[in-house]
Number of protein chains: 2
Amino acid sequence: MYAISGKDDMTIWTLPERPARGPKPVYSRAQITEAAIRVADAEGLEAATMRRVAAEIGTGAMSLYRYVPSRDDLLELMADRLTGELDLAGVPSGDWRADLTRYADELRAMWRRHPWIGGVRRSLPGLGPNQLVLIERLMGVLDPHVPIDENLGLVALLNGYVEGVVREEIGAAEQLRRSGLSEPEWMARSHAHVDRLVKSGDHPIFTKIVTEARRPHLSRDDQFRHGLRRVLDCVAAALPPAT
Amino acid sequence: MYAISGKDDMTIWTLPERPARGPKPVYSRAQITEAAIRVADAEGLEAATMRRVAAEIGTGAMSLYRYVPSRDDLLELMADRLTGELDLAGVPSGDWRADLTRYADELRAMWRRHPWIGGVRRSLPGLGPNQLVLIERLMGVLDPHVPIDENLGLVALLNGYVEGVVREEIGAAEQLRRSGLSEPEWMARSHAHVDRLVKSGDHPIFTKIVTEARRPHLSRDDQFRHGLRRVLDCVAAALPPAT
DNA sequence: CTCCACTGAGTACGTTGTACGCAATTGCGG
DNA sequence: CCGCAATTGCGTACAACGTACTCAGTGGAG
């Protein structure tokens, strides 16, 4: 009877945005989602509280509950909106390698635009409209070539690679942001600890990683593309030989 | 001056557990970490609040702060403790394929024992003692064969695969647990939504996935091993031909 | 026009992480 | 052996969170 009734529904996606009678709603799910994303981009996911998001669109916290059953559902909406940012027009094109490269690049770019997406805990693949479109396009790339089980596994592999790499890329910056320290200050602090580990001599491979990381190497982009090529080779191996 | 002073330290790992003078501590970091893991295993990560964990060892919330600077740091400790559950004795053994398979199996098993680990947001690879040991052992497997950059990429790939698969395996169960519904009730609800999508006919590939998932197929273990083999083939391709 | 489903939004509650204070305990310097 | 100071366990208190409940006001259906 109150707000949007989540009574019989498991996800937001089954709740219609607007019923019939009554005054015209002033806001909208899309507007609220947008505002939440704006806040998260600027100040991190933890800053995107109900009150803060409401203030962003110039209203009080409780007004949001006319549009969204809970904060978790709002996060779901945000995730779907972000999925919508992936530009996969024309996919599948027939060239699976190009398609998957395109997807990987888009996904990485999106993560870098919205690093907080890694903090949105989703226990199941989302069923929002944008996410459903993504499934059709992305899985459609390999669907003609492999059984669906195999396809799922390969896509999971690709996603895993991209996510892993991006998390690593983002990690340091995110931690820096949350520490609230200045960059040089933060660098000094963390280097101090790492240096102690290195000097101890007990961690030769860790040392190797660290010293390697400190000297110039391939650009992030090149590293990403290089690893991606390997993943795609791996995909190719799972395809029938004629493709 | 109060509690454990996190003044100059970026991570817990640089904070000594115990200084000199004063009364003997009744508890310990290890004990608190253990209690927190027990709670998280039984009731989920969100149940592992400071008060709940403290109650678990029979004290008040504020006592924990004599051992741990913050809840985030406690999560860090928990993650490291879980890493310690991975049994990699004898790795690297010289047989890289066996080693990586062993690691993948151990990692998957650990995630299934503690599904909440997916909710611990770590922005950087941990630097706890167990995590450092893991780095040495795991990266040591491929270190003789490939440059460190390549090694990092391959390990990221492997981790990504395992994590992706396990998240999928865990997802439904986790969501069921959080909904608080009975299993048949939950099944009915989610099937209703999915059925609607399927019946709409707009999502052929989604439909394929769903119908496929409903009929019996390979066991989870076999699926995992199958995909893993493919990942390892991919790794093999990146190694010098003689190995 | 009347009705009532709906709106925006304030107030209030339970729960969280944790800052602070204080009495009790211990090891160390004398 | 004696105190001093460091450090303990832990209660109280607070700010911030998600959100249940409330109510006056709005506007389309009858």
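What you are looking at is a predicted structure, and each value in this text was computed from that prediction instead of being measured. Scope of the values below: all heavy atoms of this structure, side chains included, with no hydrogens, waters or symmetry mates. Note on naming: letters A, B, ... go to the chains in the order of the sequence lines (proteins, then strands), and numbering restarts at 1 for each one.
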Expressed as a whole number of angstroms, how long is the span from [X]:[atom1] to [N]:[atom2]?
X	N	atom1	atom2	result
A:Glu46	D:dC17	CD	C1'	13 Å
A:Ile32	D:dG18	CD1	P	14 Å
B:Arg51	D:dC17	CZ	P	16 Å
B:Asp72	C:dT16	CG	P	16 Å
A:Tyr27	C:dG8	OH	P	7 Å
B:Leu64	C:dC20	CG	C1'	17 Å
B:Leu74	C:dT16	CG	P	15 Å
A:Tyr65	C:dC13	OH	C1'	13 Å

(Q) Can you tell me which residue among B:Leu82, B:Leu75, B:Asp72 is in a side chain to side chain contact (heavy atoms under 4.5 Å, CB included) with B:Val120? (A)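 Single pass found, and it is B:Leu75.
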Q: Looking at every strand, decide which applies to A:Thr49 at a 4.0 Å heavy-atom threshold: base, sugar-phosphate, or nothing.
A: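 Sugar-phosphate, no base atom in range.
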Q.
Ignoring hydrogens and geometry beyond distance, is the side chain of A:Arg66 in donor-acceptor contact with the base of C:dG8 at under 3.5 Å?
A.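 Answer is yes: a donor-acceptor pair is held.
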Q: Kindly indicate, with the supporting measurements, whether the criterion side-chain contact (heavy atoms from CB on, under 4.5 Å) is fulfilled by A:Thr83 and A:Val133.
A: CA-CA 9 Å; A:Thr83 303; A:Val133 168; over 6 Å; no
Q) Side chain of B:Arg71: nearest nucleotide among D:dG18, C:dT18, C:dG8? A)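 Ranking D:dG18, C:dT18, C:dG8 by closest atom to the B:Arg71 side chain puts C:dT18 first.
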Q | Closest nucleotide among C:dC20, C:dT11, D:dG18 to the B:Met62 side chain | A |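 Comparing C:dC20, C:dT11, D:dG18 against the side chain of B:Met62, the answer is C:dC20.
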Q) If you find the nucleotide of DNA chain C closest to B:Ser70 and the one closest to A:Val26, which residue's nucleotide is nearer the 5' end? A)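 Nearest-nucleotide comparison on DNA chain C picks A:Val26.
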Q) With no hydrogens and no angle check, is any side-chain donor or acceptor of B:Arg71 less than 3.5 Å from a backbone partner on B:Ala48? A)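 At least one qualifying donor-acceptor pair exists.
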Q.
Give me the atom names and distance for the closest heavy-atom approach of B:Trp111 to B:Ile170.
A.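 Result for this residue pair: O-CD1, 3.5 Å.
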